[in-house]
S.K.: 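Please find one structure pasted underneath; my questions will follow.
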Amino acid sequence: MSGTVEEWRVVRRGKGAPRKFKSHQPVPSAPACLQEQLDVEKLIRRIRDTVSELRVEELWQQWKNQLLLATSTSVSESSDSSGAEGQKDKDTEGTVRQHLECVCYGLGSFSSCASARYQLAMLLLLLDAGQIPVKDCSLYDPAFSPAERDVLRGLGLSVLTENEEGKRLATKPTLFYLMHCGKALYNNLLWKNWNPRHLSLVKIIGNCFSGIRERTIERELRRDYSYISKAVDLCEERLLPCPSHLIDVFSDTALITFPSDRLNKLPQSSWPDSPEPQYQHCSDLEIILKQKSISGSPETTTDAFSHLTLM
């Protein structure tokens with residue numbers, strides 16, 4: 001990938017504090033408004049250029065193959081599970097492909113961070129490969145600036161306005177794109193879907209759960225992130241390749257699914273007892289929580305989704 005080595009040296013720190021497009025005047029003049037529009041259009045072109053760059057990388061074909069494998073079943077398997085949620089299409093190779101929705105949390109400020117821009121480009125490639133309409137992909141990160149939200153809408157994507165804290169119930173097959181997000185975000189998503197019916201609809205591209213377990217003290221993982229702790233033995237992880245020149249962007253990433261046969265191994269008595277995570281013991285919680293209004297004050301957010309720095 002020519003012309004990118006110097007850039008990766010600059011952004012080696014990974015995703016830092018979010019930056020917004022510069023605005024030097026409270027009420028922009030007409031030329032300033034035009035400049036902002038030009039910046040948005042320029043960033044859209046830059047993202048599309050990054051998509052083209054990734055498309056010729058060897059890792060893209062490998063990621064694509066893994067996604068198609070994870071979203072396909074044989075015709076016989078499909079017949080045996082005719083009650084499964086979601087629409088499916090039969091292709092010419094005798095497999096059935098699920099229709100997916102997509103949700104992306106914690107992408108970061110892609111206007112100022114090269115890692116986030118490459119991750120957004122990869123998301124667009126995955127949507128195309130999985131035949132997921134861009135309008136069916138919803139994104140949220142408190143780090144997004146107004147201009148970045150305009151960019152996402154300009155690409156045809158949907159921008160969420162509410163901080164869901166990752167607590168989204170999958171009612172149909174859904175790909176969750178959670179690149180280098182904090183443990184609490186994964187844990188919240190798992191809690192919200194903690195039953196065989198909904199977990200089987202969840203597919204995650206994000207940090208490898210087994211890697212999280214290796215890097216976390218066991219008693220703390222069980223106490224604070226119990227759903228990740230239990231999910232490690234229930235999920236199937238397909239490690240996704242990462243070349244050395246993109247190590248800060250795609251390292252420690254896996255495609256995670258929850259096969260029904262594994263879910264059925266868990267005793268039925270364990271599913272109803274699913275308390276909502278509270279994180280009382282976490283002093284460095286890696287997620288921004290919605291803050292309730294106090295004395296009539298509006299809800300506020302004070303930080304962005306935290307991203308893990310993987311060394």
S.K.: Is any side-chain N of the basic residue among Lys192 and Glu164 closer than 4.0 Å to the acidic one's carboxylate O?
M.R.: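 No salt bridge links Lys192 with Glu164.
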S.K.: Check this for me: Glu276, atom CD, are more than 12 non-hydrogen atoms of other residues, nucleotides or ligands nearer than 6.0 Å?
M.R.: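 Above 12, so yes.
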S.K.: Can you sort out the partners of Glu214 under side-chain hydrogen bond (donor to acceptor under 3.5 Å, both in side chains), two or more places apart, ordered by chain and number?
M.R.: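 Expected list: none.
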S.K.: How close do Phe258 and Ala231 get, heavy atom to heavy atom, and via which atoms?
M.R.: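 Minimum heavy-atom separation between Phe258 and Ala231: CE2-CB, 4.1 Å.
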S.K.: Could you list the donor-acceptor pairs under 3.5 angstrom formed between side-chain atoms of residues 261-269 and any protein atom two or more places apart in sequence or on another chain?
M.R.:
unit_1, atom_1, unit_2, atom_2, d
Arg262, NH1, Cys235, O, 2.3
Asn264, ND2, Ser260, O, 3.1

S.K.: Nearest 0.5 Å, please: how far is CG in Leu199 from OG1 in Thr257?
M.R.: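 With rounding to 0.5 Å, OG1 (Thr257) is 11.0 Å from CG (Leu199).
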S.K.: Please name the pair of heavy atoms, one in Gly211 and one in Asp252, separated by the smallest distance, quoted to 0.1 Å.
M.R.: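 Heavy atoms only, the tightest pair is CA-OD1, 4.5 Å.
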S.K.: Show the nearest heavy-atom pair for residues Pro243 and Leu59, with the distance to one decimal.
M.R.: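 Nearest pair, atom of Pro243 first, then Leu59: CD-CD1, 3.7 Å.
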S.K.: Test Ile205 against Met179 for side-chain contact (heavy atoms from CB on, under 4.5 Å), laying out the working first.
M.R.: CA-CA 7 Å; Ile205 291 182; Met179 296 296 297; 4.0 Å; yes
S.K.: In Å and rounded to the nearest 0.5 Å, what is the CZ to OG distance from Arg215 to Ser210?
M.R.: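 That separation rounds to 8.5 Å.
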S.K.: Going by side-chain contact (heavy atoms from CB on, under 4.5 Å), Thr174 matches just one of Leu201, Val103, Leu100. Which one?
M.R.: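 For Thr174, the side-chain contact (heavy atoms from CB on, under 4.5 Å) check succeeds only for Val103.
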S.K.: Name all pairs fulfilling the ring pair (Phe, Tyr, Trp, His ring centres under 6.0 Å) condition that reach into residues 47-71, sequence neighbours left out, sorted by first residue then second.
M.R.: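 For residues 47-71: Trp63-Phe250.
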S.K.: Is there a side-chain contact between Leu124 and Leu157 in this structure, where contact means two heavy atoms from C-beta onward sitting under 4.5 Å apart?
M.R.: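 In short, these two side chains touch, coming nearer than 4.5 Å.
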S.K.: Rounded to the nearest 0.5 Å, how far does CG of Asp141 lie from OG of Ser109?
M.R.: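 It comes to 8.5 Å.
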S.K.: Do the non-hydrogen side-chain atoms of Ile204 and Leu189 ever get within less than 4.5 Å of each other?
M.R.: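 The answer is yes; the side chains approach within 4.5 Å.
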S.K.: Name all residues meeting the salt bridge (Lys or Arg N to Asp or Glu O under 4.0 Å) criterion together with Arg223; count only those two or more places apart in sequence or in a different chain, and write none if there are none.
M.R.: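 Salt bridge (Lys or Arg N to Asp or Glu O under 4.0 Å) check on Arg223 returns nothing, list empty.
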S.K.: Please step through side-chain contact (heavy atoms from CB on, under 4.5 Å) for the pair Thr253 and Gln119, ending with a clear verdict.
M.R.: CA-CA 11 Å; Thr253 302; Gln119 289 168 0; over 6 Å; no
S.K.: Which residues pass the salt bridge (Lys or Arg N to Asp or Glu O under 4.0 Å) test with Arg55, sequence neighbours left out?
M.R.: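 Partners of Arg55 by the salt bridge (Lys or Arg N to Asp or Glu O under 4.0 Å) criterion come out as none, since no residue qualifies.
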S.K.: Considering residues at least two apart in sequence or located in another chain, which fulfil the ring pair (Phe, Tyr, Trp, His ring centres under 6.0 Å) criterion with Phe209?
M.R.: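 Testing Phe209 for ring pair (Phe, Tyr, Trp, His ring centres under 6.0 Å), a comparison that skips the adjacent residues, returns Tyr186.
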S.K.: Applying ring pair (Phe, Tyr, Trp, His ring centres under 6.0 Å), can you list everything that pairs with Phe176, at least two apart in sequence or on another chain?
M.R.: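 Once residues adjacent in sequence are excluded, Phe176 has no partner under the ring pair (Phe, Tyr, Trp, His ring centres under 6.0 Å) criterion.
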S.K.: List in chain and number order the residues that pass side-chain hydrogen bond (donor to acceptor under 3.5 Å, both in side chains) with Tyr279, two or more places apart in sequence or in another chain; answer none if no residue qualifies.
M.R.: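 Listed in chain order: Asn187, Asn188.
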S.K.: Got a second to check how far Glu53's CD is from Arg46's CZ, nearest 0.5 Å?
M.R.: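 Atom-to-atom, Glu53:CD and Arg46:CZ are 10.5 Å apart.
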S.K.: Which is it for Leu107 and Phe144 under the side-chain contact (heavy atoms from CB on, under 4.5 Å) test, yes or no, and what are the steps along the way?
M.R.: CA-CA 9 Å; Leu107 182 66; Phe144 292 154; 4.1 Å; yes
S.K.: Please say which of Ile44, Val51, Leu123, Leu139 ends up in a side-chain contact (heavy atoms from CB on, under 4.5 Å) with Leu155.
M.R.: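 That would be Ile44.
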S.K.: What's the shortest heavy-atom distance between Leu126 and Leu67, and which atoms?
M.R.: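 Taking every non-hydrogen atom into account, O-CD2, 3.6 Å.
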S.K.: Indicate yes or no: at least one non-hydrogen side-chain atom of Thr71 is less than 4.5 angstrom from one of Leu175.
M.R.: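 SC-SC contact between Thr71 and Leu175 ruled out.
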S.K.: Considering non-hydrogen atoms only, spot the tightest contact between Asn207 and Cys181 and give its length.
M.R.: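 The pair with the smallest heavy-atom distance is OD1-N, 3.4 Å.
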S.K.: Who are the side-chain hydrogen bond (donor to acceptor under 3.5 Å, both in side chains) partners of Glu220, not counting sequence neighbours?
M.R.: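 Counting only residues at least two positions away or on another chain, Glu220 forms no side-chain hydrogen bond (donor to acceptor under 3.5 Å, both in side chains).
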S.K.: If a pair satisfies salt bridge (Lys or Arg N to Asp or Glu O under 4.0 Å) and one of its residues is in residues 224-239, list it, with sequence neighbours excluded.
M.R.: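 Residue pairs passing salt bridge (Lys or Arg N to Asp or Glu O under 4.0 Å), neighbours aside: Arg213-Asp233, Glu236-Arg238.
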S.K.: Please give me the minimum heavy-atom distance between Tyr225 and Cys282, naming the atom from each residue.
M.R.: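 Shortest heavy-atom contact: OH-SG, 3.6 Å.
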S.K.: Quick one: list whatever passes side-chain hydrogen bond (donor to acceptor under 3.5 Å, both in side chains) with Gln62, sequence neighbours left out.
M.R.: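 In terms of side-chain hydrogen bond (donor to acceptor under 3.5 Å, both in side chains), with neighbours along the sequence ignored, Gln62 is linked to no residue.
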S.K.: Drop me the distance from Arg222's CZ to Ile217's CD1, to the nearest 0.5 angstrom.
M.R.: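 Spacing of CZ (Arg222) from CD1 (Ile217) equals 13.5 Å.
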S.K.: So, the side chain of Trp191 versus the backbone of Ser274: is there a donor-acceptor pair under 3.5 Å, distance only?
M.R.: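 Checking the backbone N and O of Ser274 against the side chain of Trp191, a donor-acceptor pair under 3.5 Å is found.
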S.K.: For the pair Trp271 and Trp194, name the ring-plane relationship: parallel under 30°, tilted 30 to 60°, perpendicular over 60°.
M.R.: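 Rings of Trp271 and Trp194: tilted, as their planes differ by 30° to 60°.
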S.K.: Do any pairs count as a salt bridge (Lys or Arg N to Asp or Glu O under 4.0 Å) and have a residue in residues 128-138, sequence neighbours left out, and if so which ones?
M.R.: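 Salt bridge (Lys or Arg N to Asp or Glu O under 4.0 Å) check on residues 128-138 returns no pairs.
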S.K.: Would you give the length of the straight line joining atom CG of Leu120 to atom SG of Cys113, rounded to the nearest 0.5 angstrom?
M.R.: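 The CG atom of Leu120 sits 11.5 Å away from the SG atom of Cys113.
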S.K.: Are any of the side-chain nitrogens in Lys42 or Asp39 under 4.0 Å away from the carboxylate oxygens of its partner?
M.R.: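 Asp39 and Lys42: not salt-bridged.
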S.K.: Does atom CD of Glu218 have more than 12 heavy-atom neighbours from other groups under 6.0 Å away?
M.R.: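 No, CD of Glu218 has 12 or fewer neighbouring heavy atoms, counting only those of other groups under 6.0 Å.
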S.K.: In sequence, state the C-alpha distance, the side-chain angles, and the governing distance for Gln66 and Leu69, and then conclude on side-chain contact (heavy atoms from CB on, under 4.5 Å).
M.R.: CA-CA 5 Å; Gln66 290 293 350; Leu69 180 63; 4.1 Å; yes
